[in-house]
Amino acid sequence: MKIASWNVNSIRQRLDHVKTWIGVHQPDLLFLQELKAEEFPFSEFPDLTCIVKGQKTYNGVAILARHPVTLILNALPGDDDDAQARYLEVEYQGIHYINIYLPNGNPVGTEKYTYKLAWMDRLAARLKLLREGGIPFLVGGDFNIIPEDKDCFDPLVWQNDALFLPESRGKFRQLLNLGLTDAFRVFNQDAHQYTFWDYQAGAWQRDLGIRIDHFLLSPTLADKLIRCTIDRAPRGLEKASDHTPIIVEIA
DNA sequence: ATGGTTGGAAGCCAA
């Protein structure tokens with residue numbers, strides 16, 4: 001199984017990039033975040049099963065599948081008043097595949113930050129339930145978390161940011177402490193392995209990025225991990241998203 | 001300390 005995740009920052013603006021990338025890489029599942037649209041262009045993907053949670057203007061997630069996956073959840077449990085489209089959970093051959101667009105949380109000190117932390121607690125509760133039920137799962141997407149100092153070009157720049165504060169990173173470690181594996185770090189311990197580069201100040205050209213898109217695997221899936229890589233190529237295209245795809249392969 | 005960029009919406013917010 002080849003699963004990829006890509007924050008596309010508007011599906012309308014990135015439609016050609018996405019279609020081309022699928023044609024080259026042929027993923028079994030593609031997780032998309034930040035569709036920024038209520039409607040999804042289903043007719044552009046006639047060969048794929050598209051599971052979509054759209055939202056006008058903001059957020060929006062989709063799972064594009066080459067297989068007949070079953071929708072389990074299209075919202076993260078734990079807050080009935082939360083209307084933001086950030087969570088999709090599907091099942092295929094007994095494994096749950098979870099696509100997340102975790103809240104950014106900036107500016108710190110606002111309700112946006114408390115929403116992020118509460119969202120992470122709700123995610124931990126959901127994953128704990130799956131672990132206790134013995135259900136193997138993969139959770140991937142835009143976590144908006146820089147796990148370690150080496151996952152950004154300069155820790156001093158990020159030290160007061162919602163993506164990097166000890167409280168945020170601590171909640172990310174709580175997810176790992178459920179027994180999950182950060183798939184990318186199994187194979188690559190290098191610094192400067194980024195998935196996002198800001199549009200501003202020539203961040204891409206200067207390679208001033210951050211690693212915030214991740215795949216976490218429950219133990220039985222981690223045992224079958226083949227590889228996990230970041231494909232930097234799409235970030236260099238004209239009219240690129242500010243994120244680039246991360247790909248994981250599982251036997 | 002400020003400004004730098006992109007997208008979607010509406011005549012600014014979110015990232």
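Letters go in sequence order (proteins before strands), and every chain restarts at 1.
By the 4.0 Å N-to-carboxylate-O rule, K128(A) lies close enough to E132(A) to be salt-bridged with it. For D207(A) and R232(A), the salt-bridge test passes: some basic side-chain N is under 4.0 Å from an acidic carboxylate O.
Remark: R12(A) is not in phosphate contact with dT6(B), judged by side-chain N or O atoms under 4.0 Å from OP1 or OP2. Contact check, K56(A) against dA9(B): no side-chain N or O comes under 4.0 Å of OP1 or OP2. For the pair Q13(A) and dT6(B), the criterion of a side-chain N or O lying under 4.0 Å from OP1 or OP2 is not met. Contact between the side-chain N/O atoms of K36(A) and the OP1/OP2 oxygens of dA9(B) is not found at any separation under 4.0 Å.
Of the residues near DNA chain B, L35(A) and Y199(A), the one whose nearest nucleotide (by heavy atom distance) lies more toward the 5' end is Y199(A). Comparing D198(A) and G105(A) against DNA chain B, the residue whose closest nucleotide sits nearer the 5' end is D198(A).
Put simply, CG on L237(A) is 14 Å from P on dT6(B), counting in whole angstrom units. Atom-to-atom, CG of N9(A) to P of dT5(B) comes out at 15 Å; the value is rounded to the nearest Å. Between the CD1 atom of I145(A) and the P atom of dA15(B) there is a distance of 14 Å, rounded to whole Å. Between Q84(A) atom CD and dC13(B) atom P there is a gap of 16 Å when expressed in whole angstrom units. Here the P atom of nucleotide dG7(B) and the CG atom of L15(A) are 14 Å apart, to the nearest Å. Between the OH atom of Y101(A) and the C1' atom of dG7(B) there is a distance of 11 Å, given to the nearest Å. D161(A) has its CG atom 11 Å from the P atom of dA15(B), to the nearest Å. Rounded to an integer number of Å, the gap from CZ of R235(A) to P of dT5(B) is 13 Å.
Here the nucleotide nearest the side chain of R14(A), chosen from dA9(B), dA15(B), dG7(B), is dG7(B).
Two residues are said to be in side-chain contact when any heavy atoms from C-beta on lie closer than 4.5 Å; M1(A) and Q93(A) fail this criterion.
Rounded to a whole angstrom, the distance from the P atom of dG4(B) to that of dA9(B) is 25 Å. Comparing the C1' positions of dA1(B) and dC13(B) gives a spacing of 22 Å, expressed to the nearest Å. Comparing dT2(B) with dG7(B), their C1' atoms sit 23 Å apart, to the nearest whole Å.
Within a 6.0 Å sphere centred on CG of D80(A), heavy atoms belonging to other residues, nucleotides or ligands number 12 at most.
F196(A) comes within contact range of no nucleotide atom at all, as no heavy-atom separation falls under 4.0 Å.
Taking the centre of each ring, F45(A) and F40(A) come in below the 6.0 Å mark.
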